[in-house]
Amino acid sequence: MTVYNFCAGPAMLPPEVMKKAQQEFLNWQNLGVSVMEVSHRAQPYLEMVKECEASLRRLMDISDEFEVLFMHGGGRGQFAAVPLNLHLDDAPGVYVENGIWSSGATKEGAKFTQVEGINIRTDVDGQFDIQPVEQWKLPEKASFIHFCPNETIDGIEIYDVPKHDAPIVADMSSMILSREINVDDFDLIYAGAQKNIGPSGLCIVIVRKTLLEREGLPRPAILDYAIEAKQGSMYNTPPTFAWYLANEVFQYLESIGGVKAMEAHNKKKAAILYDYIDSSDFYSNKVAKHCRSLMNVPFWLKDDTLNDKFLSEAEAAGLLALEGHRFVGGMRASIYNAMPVEGIEALVAFMDKFAKENS
Ligand SMILES: *Cc1c(COP(=O)(O)O)cnc(C)c1O
């Protein structure tokens, strides 16, 4: 039986990459040892990380105005690193809130700096919706504007980017590399690796070089962008295996046509699933169409007493990890880059069969 893993994170990775990693697991680059067992300062490893950064720069078209850092502590590590590095004494960190992750970032930021939360949710009758970017009430003075383009739990995606004199910071943990973006529209992008990049723990940070001059607040060296930039993300021992696997994922992405091809693939997948849900009166999606996520598709059974039955039969059919987050209930299919169209087709076929058998 083919198994499809819809886990929100850590999530499935491309099978091609996993097979290659398995093949070279015990003998990386003919060194006779695993990539996990070599020094991060040894030549083969240094060459790998150089190529890894170059590949990500090609994939996202990142200019020389930006540093690319490979840091520890996943997405949440950056919830602390952002205010610690970007704090200004005379302006608040402004946090745009459209769901559970962006609110979490605000809460963490408040431990370190003055924060101002801007709620952009406009839900009516249990239907999720958000204000378009032009209507966000951003204050004039801000040390930075933080927002989350894809709310992984709520299934809400923001396709526009706000404009402001303050640096624009985006938590792209669950949508990086899923569609084309213009990096120049941002000043700091971060993404925990475990959704579209590789193993958890690693976090990619793309930061405008001019921001490295900010004094910020006293902070641990491992969360200091200027130190990490100066040290080539090797101030301390980096998560070497995660970094290696990220490189393999980037190389694979380039080989299949890059982010443009991936975006087409993702739009096709999401359309199949949303179209089916919208056409059904057994299931529903509560997110307004203009802000539906390409990566995380929450859906609800009209009769939620069938939830447990749905989940156990789905699992028996090889469709894993479809339970929604406890905060929003229902189901959630996370359909990141690595999920093939066949996985969506299998899910829709199962959902349709379940609906017919239970209505
Ligand atoms: C998964 C996720 C995180 C958290 O990442 P960790 O690596 O667990 O800290 C943060 N933000 C968003 C949007 C996420 O989807």
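When a ligand or atom number is given, it counts from 1 through the structure's own listing order. One is the number of the first residue; the rest follow in order along the sequence. Everything numeric in this text was worked out from a predicted model, so none of it was measured.
One finds no salt bridge joining Lys209 and Glu65 here, because no Lys/Arg side-chain nitrogen approaches an Asp/Glu carboxylate oxygen to under 4.0 Å. Lys20 has no carboxylate O lying under 4.0 Å from a charged side-chain N of Glu16, or vice versa, which leaves the two without a salt bridge. With respect to Lys269 and Glu342, no salt bridge is recorded, no charged nitrogen being found less than 4.0 Å from a carboxylate O.
The single protein non-hydrogen atom nearest to atom 8 (O) of ligand 1 is Gln194 NE2, 3.4 Å, given as residue, atom name and distance. Among all non-hydrogen protein atoms, the one lying nearest atom 9 (O) of ligand 1 is Arg76 N, 2.7 Å. Of the protein's non-hydrogen atoms, Asp171 OD2, 2.6 Å is the one closest to atom 11 (N) of ligand 1. Ranking protein heavy atoms by distance to atom 15 (O) of ligand 1, first place goes to Thr152 OG1, 2.5 Å. Summary of contacts: the protein heavy atom closest to atom 5 (O) of ligand 1 is Gly75 N, 3.4 Å.
Ligand 1 lies less than 4.0 angstrom from a heavy atom belonging to Gly74.
Of the heavy atoms in Cys148, only side-chain atoms (C-beta onward) come closer than 4.0 Å to ligand 1.
Listed by number with element, the atoms of ligand 1 under 4.0 angstrom from any heavy atom of Ser173 are 2 (C), 10 (C), 11 (N), 12 (C), 13 (C), 14 (C), 15 (O). Proximity to Ser174 (heavy-atom distance under 4.0 Å) selects the following atoms of ligand 1: 15 (O). Close contacts of ligand 1 with Lys195, meaning ligand atoms under 4.0 Å from a residue heavy atom, involve 1 (C), 2 (C), 3 (C), 14 (C), 15 (O).
Every N/O-N/O distance between Asn150 and ligand 1 stays at or above 3.5 Å.
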Inset, instruction - Could you walk me through whether Glu24 and Tyr244 pass the side-chain hydrogen bond (donor to acceptor under 3.5 Å, both in side chains) test, one step at a time? - result: CA-CA 11 Å; Glu24 56 195 34; Tyr244 147 83; 2.8 Å; yes
Inset, instruction - Show the numbers, then the answer: is there a side-chain hydrogen bond (donor to acceptor under 3.5 Å, both in side chains) between Asn285 and Tyr274? - result: CA-CA 8 Å; Asn285 172 277; Tyr274 284 116; 4.6 Å; no
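Aromatic pair Tyr95/His146: ring centres closer than 6.0 Å. In this structure, Phe282 has its ring center no closer than 6.0 Å to that of Phe310.
Atoms CZ and OG, from Arg214 and Ser143 in turn, are 6.0 Å apart once rounded to the nearest 0.5 Å.
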